[in-house]
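Position 1 is the first residue of the sequence; numbering continues from there. Every value quoted in this text rests on a predicted model; they were computed, and no experiment measured them. Basis for what follows: all heavy atoms, side chains included, without hydrogens, waters or symmetry-related copies.
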Amino acid sequence: MTRVSKTQGGPVTLSKAGLPAWLDPVVHAVETVEPLQLSRFLPPEDGAGRQSAVLVLFGEGACGPELLLMERASSLRSHAGQPAFPGGALDPEDGDPKGDGPLRAALREAEEETGLDPSGVQLFGVLPKLYIPVSGFVVTPVLGWWREPSPVGVVDPNETARVFTVPVSDLTDPGNRATTVHPSGHRGPAFLVESALVWGFTAGIIDRLLHYSGWERPWDRDNHVPLDWRA
């Protein structure tokens with residue numbers, strides 16, 4: 001589905017001005033974290049990989065701080081059915097992948113996938129580029145504060161199955177945390193929240209943000225959840 005995004009053509013900048021105080025630990029984490037502290041999968045040195053971006057959007061809901069997530073449609077070729085941050089590949093009109101291109105792409109994709117109004121989002125940080133080997137994406141996580149929340153929901157069911165928010169308090173609850181074991185043997189963090197199993201790249205970003213922001217609570221890493229947990 002193609003729509004004209006409100007982010008095209010206008011200035012897109014990063015600003016920490018006026019952020020709520022509870023975001024201070026996240027801002028500090030973003031400013032100090034090193035790439036290998038986030039993932040062992042870093043972009044290929046030869047420049048290979050498809051440039052993309054995701055929007056890690058913090059808001060404040062009835063239960064306090066929360067994150068915006070979506071569940072990808074089961075018919076998609078890449079990461080079908082997985083809960084994820086809104087995001088996708090950079091388009092030429094997004095601009096320079098080494099400049100503000102990822103900022104524009106994160107907002108544009110979030111608007112296209114969830115219907116949020118980008119003008120109510122204040123971007124405040126960018127994490128190092130990471131790599132998803134299974135799909136070949138080089139991903140720039142862009143962090144934002146949902147300063148003026150707008151209604152969100154499924155825009156195109158061919159892309160998105162549902163859109164939902166998760167309280168940070170649920171993500172830090174040890175009872176909602178687990179370790180997934182991929183058929184390849186790879187182990188990674190997971191979160192059982194909002195009737196969803198959040199795992200893979202998205203769970204890895206959340207896990208590291210909670211850790212380096214000092215929000216993480218001790219949890220049982222031996223609590224293994226199969227990827228076919230709903231069966």
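A 4.5 Å side-chain heavy-atom check between V138 and L130 finds every atom pair outside the cut-off. Side-chain atoms of T160 and D156, non-hydrogen and from C-beta on, never get closer than 4.5 Å to each other. Looking at T165 and L67, their side chains never come closer than 4.5 Å, going by heavy atoms from C-beta outward. Between L19 and V27 there is a side-chain heavy-atom pair separated by less than 4.5 Å. Side chains of V126 and T140 form a contact here, defined as non-hydrogen atoms less than 4.5 Å apart. Looking at L69 and F164, their side chains come closer than 4.5 Å, going by heavy atoms from C-beta outward. Here the side chains of L38 and P128 are in contact, with some heavy-atom distance below 4.5 Å. With a 4.5 Å cut-off on side-chain heavy atoms, F191 and L197 do not count as touching.
To the nearest 0.5 angstrom, F124 atom CZ is 6.0 Å from F58 atom CZ. Taken to the nearest 0.5 Å, the CG atom of L90 stands 8.5 Å off from the CD atom of E109. For the atom pair CZ of R104 and CG of L123, the computed distance is 11.0 Å after rounding to the nearest 0.5 Å. Between the CZ atom of R50 and the CD1 atom of I132 there is a distance of 12.5 Å, given to the nearest 0.5 Å. Note: L227 CG to Q82 CD = 8.5 Å, rounded to the nearest 0.5 Å. For the atom pair R72 CZ and N158 CG, the distance stands at 12.5 Å (nearest 0.5 Å).
The side-chain hydrogen bond (donor to acceptor under 3.5 Å, both in side chains) search around R187 returns H224, not counting sequence neighbours. Looking at residues two or more places apart in sequence or on another chain, you find a side chain to side chain contact (heavy atoms under 4.5 Å, CB included) between S213 and P25, V26, A29, W215. Residues that satisfy the side chain to side chain contact (heavy atoms under 4.5 Å, CB included) test with D46, not counting sequence neighbours, are P44, A48. In terms of the side chain to side chain contact (heavy atoms under 4.5 Å, CB included) criterion, residue partners of D91 (sequence neighbours excluded) are, by chain and number, E93, D94, R108. The side chain to side chain contact (heavy atoms under 4.5 Å, CB included) search around H211 returns R208, E216, not counting sequence neighbours. Remark: E60 engages W22 in a side-chain hydrogen bond (donor to acceptor under 3.5 Å, both in side chains) (not counting sequence neighbours). Legend: residues meeting side-chain hydrogen bond (donor to acceptor under 3.5 Å, both in side chains) with H182, ordered by chain and number and at least two apart, are S184. For E34, the salt bridge (Lys or Arg N to Asp or Glu O under 4.0 Å) test picks out no residue, with sequence neighbours left out.
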With a 3.5 Å cut-off and sequence neighbours excluded, list the donor-acceptor pairs that the side chains of residues 141-154 form with protein atoms.
from, atom 1, to, atom 2, distance (Å)
R147, NH2, S119, O, 3.2
S150, OG, D117, N, 2.9

For residues 173-180, dump all side-chain donor-acceptor pairs below 3.5 Å to protein atoms at least two apart in sequence or in another chain.
from, atom 1, to, atom 2, distance (Å)
D173, OD1, G175, N, 2.9
N176, ND2, D170, O, 2.9
R177, NH2, D207, OD1, 2.6
T179, OG1, R221, O, 2.9
T180, OG1, G188, O, 3.3

After noting the C-alpha distance and the side-chain angles of L14 and D100, does the key distance pass the side chain to side chain contact (heavy atoms under 4.5 Å, CB included) rule? CA-CA 9 Å; L14 296 175; D100 63 5; over 6 Å; no
Could you go through L127 and V33, starting from their C-alpha distance and side-chain angles, then the distance that decides it, and tell me whether this counts as side chain to side chain contact (heavy atoms under 4.5 Å, CB included)? CA-CA 8 Å; L127 289 173; V33 71; 3.7 Å; yes
Can E31 and K16 be said to form a side chain to side chain contact (heavy atoms under 4.5 Å, CB included), step by step? CA-CA 11 Å; E31 292 175 339; K16 302 179 182 68; 2.8 Å; yes
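Residues F41 and V198 do not share a hydrophobic cluster, defined by chaining ILVMFWY side chains whose heavy atoms lie under 4.5 Å apart. V134 and Y131 are members of different hydrophobic clusters when ILVMFWY side chains are connected at heavy-atom separations under 4.5 Å. Cluster annotation: F201 is not connected to V181 through the hydrophobic network of ILVMFWY side chains, with a link wherever side-chain heavy atoms come within less than 4.5 Å.
Shortest non-hydrogen contact noted between P167 and E194 is CD-OE2, 3.9 Å. Here the closest non-hydrogen pair linking A190 and A203 is CA-CB, 4.2 Å. Taking both residues in full, the closest heavy atoms of L116 and A110 are given as CD2-CB, 3.9 Å, listed atom of the first, atom of the second, then distance. Residues Q51 and P97 come closest through the heavy atom pair CG-CB, 4.0 Å.
Screening residues 122-136 for salt bridge (charged side-chain N to carboxylate O under 4.0 Å, His left out), with sequence neighbours left out, gives no hits.
Side chain of T172 to backbone of S169: a donor-acceptor contact under 3.5 angstrom is found. Q122 places a side-chain N or O within 3.5 Å of a backbone atom of A17 that can act as its donor or acceptor partner.
For the side-chain contact (heavy atoms from CB on, under 4.5 Å) criterion with L68, the lone passing option out of V166, V121, L57 is L57.
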